[in-house]
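Inspection log for the structure reproduced underneath, given as C-alpha cells.
Keep in mind that the numbers below use all heavy atoms, side chains included, and drop hydrogens, waters and symmetry copies. Order of the sequence lines sets the chain letters (A, B, ...), proteins ahead of strands, with each chain counted from 1.
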Amino acid sequence: MTCAELQTAMADKGYVASDDLAMAVFLALKLGRPLLIEGAAGVGKTEIARVLSQVLDTRLIRLQCYEGLDASQAIYEWNYQKQLLAIRAAAEGGRVAEVEQKIFSQEFLLERPLLAAIRQDKAPVLLVDEIDRADEEFEAYLLEILAEFQVTIPELGTVPATTRPVVILTANGTRDLSDALRRRCLYVNVGYPDRQTELRILRARCPDLASSLAHQIVGFVQSLRKETLEKTPGIAETLDFTAALMGLGINDLTTDPALLQATMATLLKTEADRFNITTEITQRIAGQAA
Amino acid sequence: MSRVTKFSGRDAGPTARVAGFVDHLRAHGFRVGVAEAEASLSALSFCDTYESAMVRGALRAVLTGCAEEAGRFDDLFDSYWLNGGRVAQRVSAAPNPSPHVHSSRSAAGQSQGDGAGDPTAPDDGQGESTSGGEGKLVATVVQQKMRRDLREVVTPEDIREAEVIARRLGAALRDRRSRRRKAATKGDRLHFRKVMRQSLQTGGEPIRLPKKSRPDRPQKIVAICDVSGSMTIYAQVFLAFVAGLIRADDAADAYLFHTRLVRIADALRDRDPLRAMGRLSVLADGFGGGSKIGGSLLRFSKTYARRFVDGRTVVLILSDGYDTGRPEDLAEALSLLRKRGCKIVWLNPLKGWADYAPVAAGMAAALPYLTLFRPANTLADLASLEPEMMRL
C-alpha cells in the first residue's frame, strides 16, 4: 500500500486526511512506530484510529487515560473472586497441591487493553486516548511496553507479543508529555481543516446534504473560527451543526435567525461564547457565508 | 518558486545530506539525534524522493515532536533543501562546534549563565550598597545595581535556617486527591492481590485481610521571587528562603525576576551554599532594577510552566505587586497558570502593614486568581504559614 492508496482507503471510510496526516499514518504503519497525534478537541484525532482499524480490517482496542490510571486497569488484573472460589472448591475436593498452579493461569487472568493488544492473532489498532490525562508514572510504564512489546506478570512470567499492534496516541495538551515519549513516536499535529478539506469531510459524512447548504455551513463555521472564542468549534461540531440543520429541515442559513441561533448550541460550548456571539453576529456571519 | 538545493559534487550522497539536515535542525534547537536520522532514512525509503511535498511530510512526521517544532519545520526544510542553489550548511555532517548556542530556545533565556555576560551598565559593581535591610520600612535611595553580589545579601546561615522552614512547608503540602491506591495498614479497601497471595499459606482461607488506601502525594513547590528595586530590602529573606527551598526539596523549582525572568534552580542546587549564591549573582544581573511582574509571569506561564507546572504544583509568588507593566498581562499570566491546575500562593511583604490594601493595579488584577494571599517579610512569617499550607 502506498501513501496515496492509504489516503484513498481512509476517504472511502469517511475520513478525509490531509497529506501530512496520511503520510504520518503511513509511516507509522511502515516503520512500526507509535504515532502521537496532537490537536484541539474535535478535530478527529480519535476518529483516525477507528477508521484505520476499518481500513486494516482489524480490531480497535481503546485505552482511555485518566488521572490515576494504574496497571490493574491498563494492563491486567487477576480475577480475585474466581480465584477464591477455585481455592475453596479445590480444598473441598482435597486437591490442594494443584491449586496454586491453577489459579495463576490464563483462565483467571483479566486482560486489560494493553495486554489484550499484544495478544491478538491479527495485529490490532491500539488507541491510547488522551495520554496527557494519565500521570507521569503511567507514561513511563507505557514507554516500556511500546519499546519491548511484552508484559511481565510475576505469577505467569513474561508475555511476549504475538503481533505488534499499530499504536496511536492522542493528546490535547492537558499536560506536556515527556521528551522520552515524544522521541519514541512519530508526530503529527492536526489543525482545523481549511475550507476545501472541510467541504470534502462534510460531503463524505453527509452524502445527501445539498451542495449549496454545505458551502454555507463550511463558510459559516470557517468565519466563526476567526472570532475570538473560548472553545473554537472543531469538525465534530460542524457535523453536529449539519445534523441539527438537516434535522430541522433548514435549507438556507439566513431564512430563520431565531432557529439558527438555537442551533448554535451545537457549535458554541461555553457560556461566554454563547453570550458573545449574539444573533446579530450570527446573522452577519451567515450573510457573508451565503 | 524555490528551487532544490544543489549540493556540491564532493558531497557524500543522500545519507550525508539527511544527516546534514538533522544537524541543521539540531542547530536550530530541535532535539533530534542519530536515532531520528536513521528513522528518517528508513522513512524516505518508503517515499518517492523526487516529490518534495511527500518528503517534507515524511520528515516532518519523524523529526518533529511538538506543535512548536512542527510550526517551524517548514522554514527550516525550505532553507536546507529548497534554497535555490545556495548551500548554506555544510552537508558533511561535521559535528557542530557548539550546537546549543544557536538554538533559539537558549536565546530565549534558558541558559543565560554562559553568554549573557556583561550588561551595558557603566557602574558595574560601583553601586552603593544602601540596604543592609533589617526588614523594616526604610527610605532608601535605591540605585540600579546591575551587578550586585548576592553573597553579601544572603549568608549561608540564613540559608540553613531557611532550609529547615522550607522542609517543613514542603511536608505540609500534600495532595489528598490521589486516585491510585497503595498497600497500607489502615486502608479503606481490600488489597485483593495480597489477600489471594496470603490466603495460599492458610489453605485458601483468607484470614489476614491486607488493605490499601489512597496515599497522599507530595506537591511540588515552584517559587518565583521578585528582586526588583522595591523588593530590595526583603531580598535577603526571600532569597534565603528560595535557596533553602531548593536545597531541601529535590522536586522544587525556582525563578527570579525583575524586568526579565531567570530560572535559578540549577544554580542553587550547588552543594556549596556560598558558591550557589555566587552563581546566582551572575544570573540575577539587573538585581534591584525595575519590575515587570506581568511580563515575567506571562513568560513563565507560556514557557517553563508548560514543562514544570501541573495539577500537583503550588506556585509561590514572592512579590510586592508593584508592576510597571500592564495589569492585564498579570491577569492573563495568572489565568493561564490556573488553567494548568496548580495552586497559586502570593506572599506579599507589604500586606503586613496596618493600612495595606491591594490597590496597586497589578495586585488588584491578580487577586481573583490566588488560592492564598498572605503577608510575609521575615523567615518567621514564612514558618508560620505551615498550618495554612496544610489546609491547601
Side-chain angles (χ1 to χ4, degrees), chain A residues 2-4 18-31 33 35-36 38-39 66-73 77-78 80-81 83-84 86-91 96 99-100 103-104 108 135-138 155 173-179 181-189 191, chain B residues 31-33 35-36 38-40 42-48 51 53-71 73 177-182 190-197 199-200 202-206 214 217 305-312 339-341:
Chain A
T2 68
C3 179
S18 67
D19 291 347
D20 274 353
L21 179 58
M23 176 51 88
V25 174
F26 172 70
L27 285 177
L29 292 176
K30 288 290 177 194
L31 299 179
R33 299 248 295 234
L35 174 64
L36 171 63
E38 269 189 335
Y66 55 87
E67 198 194 333
L69 178 69
D70 64 358
S72 69
Q73 271 125 35
E77 174 93 295
W78 290 106
Y80 301 115
Q81 287 81 351
Q83 280 180 330
L84 275 174
I87 294 172
R88 298 304 298 269
V96 186
V99 75
E100 187 172 349
I103 63 162
F104 290 117
F108 293 85
D135 39 24
E136 277 114 8
E137 294 91 333
F138 181 74
E155 293 87 351
T174 310
R175 174 174 67 79
D176 281 355
L177 301 173
S178 72
D179 282 346
L181 187 69
R182 286 186 187 278
R183 274 205 58 216
R184 225 136 297 167
C185 301
L186 299 181
Y187 173 82
V188 66
N189 193 310
Chain B
R31 269 161 288 184
V32 286
E36 281 77 10
E38 197 190 333
S40 317
S42 37
L44 289 177
S45 68
F46 295 109
C47 297
D48 304 327
E51 249 193 76
M54 207 171 189
V55 171
R56 185 191 294 263
L59 290 179
R60 193 207 317 268
V62 175
L63 293 171
T64 62
C66 61
E68 187 235 338
E69 287 180 355
F73 183 83
R177 294 178 308 155
S178 75
R179 224 166 279 148
R180 187 179 302 188
R181 287 163 203 273
K182 271 186 168 175
L190 281 181
H191 194 310
F192 260 115
R193 196 177 179 122
K194 275 194 157 179
V195 170
M196 289 306 305
R197 271 261 159 240
S199 73
L200 286 178
T202 50
E205 211 65 59
R214 302 174 181 212
R217 313 272 179 192
R306 299 180 50 195
R307 282 163 61 199
F308 300 115
V309 174
D310 57 22
R312 290 207 175 105
K339 280 191 181 155
R340 296 204 60 82

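Under the 30°/60° scheme for interplanar angles, the aromatic rings of A:Tyr80 and B:Phe192 are found to lie parallel.
A distance of 8.5 Å separates CE of B:Met196 from CZ of A:Phe108, quoted to the nearest 0.5 Å. Taking CZ of B:Arg56 as the reference point, atom CG of A:Asp19 lies at 11.5 Å (rounded to 0.5 Å). Remark: B:Cys47 SG to A:Met23 CE distance equals 3.5 Å, nearest 0.5 Å. Atoms CG and SG, from A:Leu36 and B:Cys66 in turn, are 10.0 Å apart once rounded to the nearest 0.5 Å. Summarising the geometry, atom CZ belonging to B:Phe73 is positioned 13.5 Å from atom CG belonging to A:Asn189; distances are rounded to the nearest 0.5 Å.
Heavy-atom distances place the side chain of A:Leu27, and not its backbone, under 4.5 Å from chain B. Only the side chain of B:Ser199 comes within contact range of chain A, judged by heavy atoms closer than 4.5 Å. In this structure, chain A has heavy atoms under 4.5 Å from both the backbone and the side chain of B:Ala39. Proximity to chain B (any heavy atom under 4.5 Å) is shown, for A:Leu35, by neither the backbone nor the side chain.
A salt bridge links A:Arg183 to B:Glu36: one of the charged nitrogens lies within less than 4.0 Å of a carboxylate oxygen.
Ranked by heavy-atom pairs under 4.5 Å with chain B, the list A:Ile103, A:Val188, A:Leu181, A:Leu84 is led by A:Leu84. Among the candidates B:Thr64, B:Val32, B:Val195, B:Val62, the residue making the largest number of heavy-atom pairs closer than 4.5 Å to chain A is B:Thr64.
With a 6.0 Å radius and a threshold of 12 heavy atoms from other residues, nucleotides or ligands, B:Glu38 has its CD atom at or below the threshold.
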